[in-house]
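A quick write-up on the structure given underneath.
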There are 2 protein chains.
Amino acid sequence: MVTLEDVAKQAGVSLATASRVLNGSTRQVGAALRARVEQAADELGYRANIAAQTLARGASNVIGIVVHDLTDPYFAALADGAMRAAATEGLLVMVGTTHRDPEQEIAYVATLNAQRVRAVLLVGSRVADPAVTGRLRDELARYQAGGGRAACVGQDLLGVDTVAPANRQGAAELARALADLGHTRFAVLAGPPHLVTAADRCAGFVEALEELGLPAPQVIHGPFDRDGGYAAATQAGDATCVFAVNDVMAVGALAAYRERGVRVPDDVSVAGFDDIVTLRDHVPALTTVRLPLKDMGARALELALGEGDPVVVEQVAGEVVLRESVRRMT
Amino acid sequence: MVTLEDVAKQAGVSLATASRVLNGSTRQVGAALRARVEQAADELGYRANIAAQTLARGASNVIGIVVHDLTDPYFAALADGAMRAAATEGLLVMVGTTHRDPEQEIAYVATLNAQRVRAVLLVGSRVADPAVTGRLRDELARYQAGGGRAACVGQDLLGVDTVAPANRQGAAELARALADLGHTRFAVLAGPPHLVTAADRCAGFVEALEELGLPAPQVIHGPFDRDGGYAAATQAGDATCVFAVNDVMAVGALAAYRERGVRVPDDVSVAGFDDIVTLRDHVPALTTVRLPLKDMGARALELALGEGDPVVVEQVAGEVVLRESVRRMT
DNA sequence: GCAGACTTGGAAACCGCTTTCCTGGGAGGT
DNA sequence: ACCTCCCAGGAAAGCGGTTTCCAAGTCTGC
């Protein structure tokens, strides 16, 4: 590989001058030398070694993003938002997928720490297990002790800047909207009990129904994905309206109903949560709670990059979007 | 940050010994010292500085993946496949999204080169513009001249190892399958004319029809995305069967028909290409050509990591999947 | 009990770049 | 004309590791 020294030699200047010309500096370099250096670099096809720069400068321009699964459009949208924001800041992005394995998440934070990345973004829902969360917090603390910055999208469980969707409120609003339509018997496809996002959405929904004086819904736990929604839907009893705690599960539920000849929304209404863009053409169109995922990703990056010493927790409100997957009763 | 020197000092050993204990080496270290070093590292919370390691070792364990758009499930699946493969190799992944801007793609390759990444994967369709492709090739050549490895998923345009979906054949098979169902009047929602993937799929389809002695289809160009499919569908004439060159466009087309009250497949049949997983619950279920996207991503990484000096180009066959979005005529 | 072969630990060179510090020369002030 | 100040250019000291090369010790075999 061509090094800066090669360029300097070819241009007949010192290393320092070559560095100042090519890799940015506050110092001026005379026009003549500048031209010679640039020409030499061009002829030789010089590319600065970023590892060396990072080492010398003591700061890198890489950020790390940790998500569960890139093929899940929810994470893809969040990651995309963060990546676009990173690009405008001239930052490079390292992406890690954990496939929901907390150990992987911890390992990834350690690695990003080793990379001395400028910031790390933890995206997605975490389990409430204090042992695992504790170790993740330790690893993050270690990273932050070394000057690293971190932010997270999801719950405020980690003691870092957080962009938190207002899961409880969103679910509660949805519940009220559905009750407004005349529904009284509900089921919740609630996802895993220990997953905080899922639990919050479920709780918000249940509480809102309680406040309205409606009977408690049937709560069915299961995996947080499409197949989980599918399976849970087959267990739902005589509810007139089913709330899946995320859109992907709702789609699974719709598939289950379709296969069994249960008409949506005629026989049963279905609602989800997130408003995944890829699903906007789904039939029937899904009633859901819209979250501004891209903005949330971008905002998380902003928080991570910011100086703010006190830990910031931003609630992001969702917006209930009624579509054809629910019907008015009576 | 805690450095190796801090650890060595705390353990009362030399830098060399500490390095050998903590960061892997062929050399043995005595059990007593080893234990002291490990304890010191643990107490101090030492994390090796990867930038320094990369510099010293002259090799990094990072690979770069360049995709157009992570929120497009096609790229997400490909990237996911590659990332899973990378994880099993213990490699870190740097992901860049270009949003279809060729300049960004070139810039990203330059940056990955500067990072001295082990390999770079270019994923996705490229435009046929020789000027742009030439510059990308130059940048890649420069990278490879420095010992870098590259592979690409898409067309064999770059002179690097390539995993290429058999677009022509897949489209041709699809055409024959549709003709078998009795269709004779076709339209192709063909995407941008200069996009090689789109052009190949269109050409394969058109040629197959020609071979069958059927009339040439109406070819409608437009963007390669959902809205492109939507717009193109509104321009389709009296075809009984519409082929969108990718699934996302097909979904757009289905949306357009739905809005206009055109029934699919009763009034018109629709087929796509890719078999995007997220769309498997779409209604009506989409007839398409299945591509093993995850495997392709993984395979591309394998090729990039491999030693093989001669450039490998692997064709990956697609499989026609007939679903309810098409009907039998007669 | 001793020469020679292996091991183990440490000193120091090196990876490629940034940046501080120093030097010499030209500009500006009086 | 002299002195100061400023600025462009270069030498060299890091940044945090790895690895080569030595030296000293430990084992073996006879």
Side-chain angles (χ1 to χ4, degrees), chain A residues 1-38 40-41 44-62 110-111 113-118 143 146-148, chain B residues 1-38 40-41 44-62 111 113-118 146-148:
Chain A
M1 283 259 45
V2 180
T3 72
L4 188 59
E5 195 177 354
D6 299 333
V7 175
K9 207 164 286 173
Q10 164 123 347
V13 301
S14 75
L15 217 57
T17 301
S19 170
R20 295 200 261 254
V21 171
L22 296 174
N23 299 324
S25 158
T26 50
R27 291 264 315 251
Q28 294 289 320
V29 173
L33 289 194
R34 165 174 295 277
R36 289 227 308 273
V37 171
E38 278 167 352
L44 266 38
Y46 171 72
R47 286 281 174 264
N49 182 326
I50 295 194
Q53 284 187 326
T54 300
L55 183 56
R57 298 211 248 245
S60 89
N61 64 156
V62 176
T111 306
N113 186 359
Q115 290 273 357
R116 302 296 189 273
V117 297
R118 195 108 123 231
Y143 169 61
Chain B
M1 283 263 39
V2 180
T3 71
L4 188 59
E5 194 175 357
D6 300 333
V7 175
K9 207 164 285 174
Q10 164 123 347
V13 302
S14 74
L15 218 57
T17 301
S19 170
R20 297 201 260 253
V21 171
L22 296 174
N23 299 324
S25 158
T26 51
R27 293 263 313 249
Q28 294 289 318
V29 173
L33 290 193
R34 164 173 295 275
R36 288 228 308 273
V37 171
E38 278 168 351
L44 267 37
Y46 171 72
R47 287 279 175 264
N49 182 326
I50 295 193
Q53 285 187 326
T54 300
L55 182 55
R57 298 212 249 246
S60 87
N61 63 156
V62 176
T111 306
N113 185 0
Q115 290 272 358
R116 302 293 189 274
V117 298
R118 255 259 272 289

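So you know, we letter chains A, B, ... as the sequences are listed, proteins then strands, and number each from 1. Values in this document were obtained by computation on a predicted structure and should not be read as measured data.
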Query raised in the report: In whole angstroms, how far is the P atom of D/dG16 from the OH atom of B/Tyr46?
Result: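 In whole Å, D/dG16 P lies 10 Å from B/Tyr46 OH.
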Nearest-0.5 Å distance that lies between atom [atom1] in [X] and atom [atom2] in [Y]:
X: B/Leu4; Y: B/Leu15; atom1: CG; atom2: CG; result: 5.0 Å
X: B/Arg27; Y: B/Thr17; atom1: CZ; atom2: OG1; result: 8.0 Å
X: A/Leu44; Y: A/Gln10; atom1: CG; atom2: CD; result: 4.5 Å

Do you know which two heavy atoms are closest between [X] and [Y], and how far apart they sit?
X: B/Arg57; Y: B/Asn23; value: NH1-O, 3.6 Å
X: A/Gln53; Y: A/Ala48; value: NE2-CB, 3.7 Å
X: A/Val7; Y: A/Val37; value: CG1-O, 3.9 Å

Dump every N/O contact between nucleotides 21-26 of chain D and the protein below 3.5 Å, one line per pair.
from	atom 1	to	atom 2	distance (Å)
D/dC21	N4	B/Arg27	NH1	3.3

Within the structure provided, determine whether [X] and [Y] are in side-chain contact (heavy-atom separation under 4.5 Å).
X: A/Asn49; Y: A/Met1; result: no
X: B/Leu33; Y: B/Val21; result: no
X: B/Gln115; Y: B/Val62; result: no

Query raised in the report: Does B/Tyr46 use its side chain to pair, donor to acceptor, with the backbone of B/Asp6 at less than 3.5 Å?
Result: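 The answer is no, because no donor-acceptor pair under 3.5 Å joins these two groups.
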Query raised in the report: Quick one: side chain to side chain contact (heavy atoms under 4.5 Å, CB included) partners of A/Arg47, sequence neighbours excluded?
Result: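 Residues passing side chain to side chain contact (heavy atoms under 4.5 Å, CB included) with A/Arg47: B/Ala110, B/Asn113, B/Arg116, B/Glu139, B/Arg142.
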Query - B/Thr54: side chain to side chain contact (heavy atoms under 4.5 Å, CB included) partners, not counting sequence neighbours - result: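 A/Ala51, B/Ile50, B/Ser60.
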Query raised in the report: Taking for each residue the nucleotide of DNA chain D bearing the nearest heavy atom, is the 5' side occupied by A/Thr17 or by A/Arg116?
Result: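 Of the two residues, A/Thr17 wins.
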Report task. Could you tell me whether A/Leu33 contacts a base, only the sugar-phosphate backbone, or nothing, with contacts defined as non-hydrogen atoms closer than 4.0 Å? Result ->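 The answer is sugar-phosphate, as A/Leu33 gets under 4.0 Å only of primed atoms, P, OP1 or OP2.
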Requested in this report: Report which part of the nucleic acid A/Ala48 touches: base, sugar-phosphate, or nothing (heavy-atom distance under 4.0 Å, all strands).
Outcome: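 The residue A/Ala48 makes sugar-phosphate contact but no base contact.
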Query raised in the report: Does A/Leu15 or B/Ser14 map to a spot on DNA chain C nearer the 5' end, using the closest nucleotide for each?
Result: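 The 5'-side residue here is B/Ser14.
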Requested in this report: Under 4.0 Å from any atom of DNA chain C, heavy atoms only: list the residues of residues 53-61 of chain B that qualify, in numerical order.
Outcome: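 Under 4.0 Å from DNA chain C: B/Leu55, B/Ala56.
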Requested in this report: Check DNA chain C against residues 2-12 of chain B and give the residues with a non-hydrogen atom under 4.0 Å, in numerical order.
Outcome: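 None, since no heavy atom is under 4.0 Å.
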Query raised in the report: Do any side-chain nitrogens or oxygens of B/Asn23 fall under 4.0 Å of OP1 or OP2 in D/dT18?
Result: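 Checking B/Asn23 against D/dT18: at least one side-chain N or O falls below 4.0 Å of OP1 or OP2.
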**Report entry** DNA chain C: 5'-most and 3'-most nucleotides touching chain A, 4.0 angstrom heavy-atom criterion
**Finding:**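 Listed 5' to 3', the contact boundaries are C/dG16 to C/dC21.
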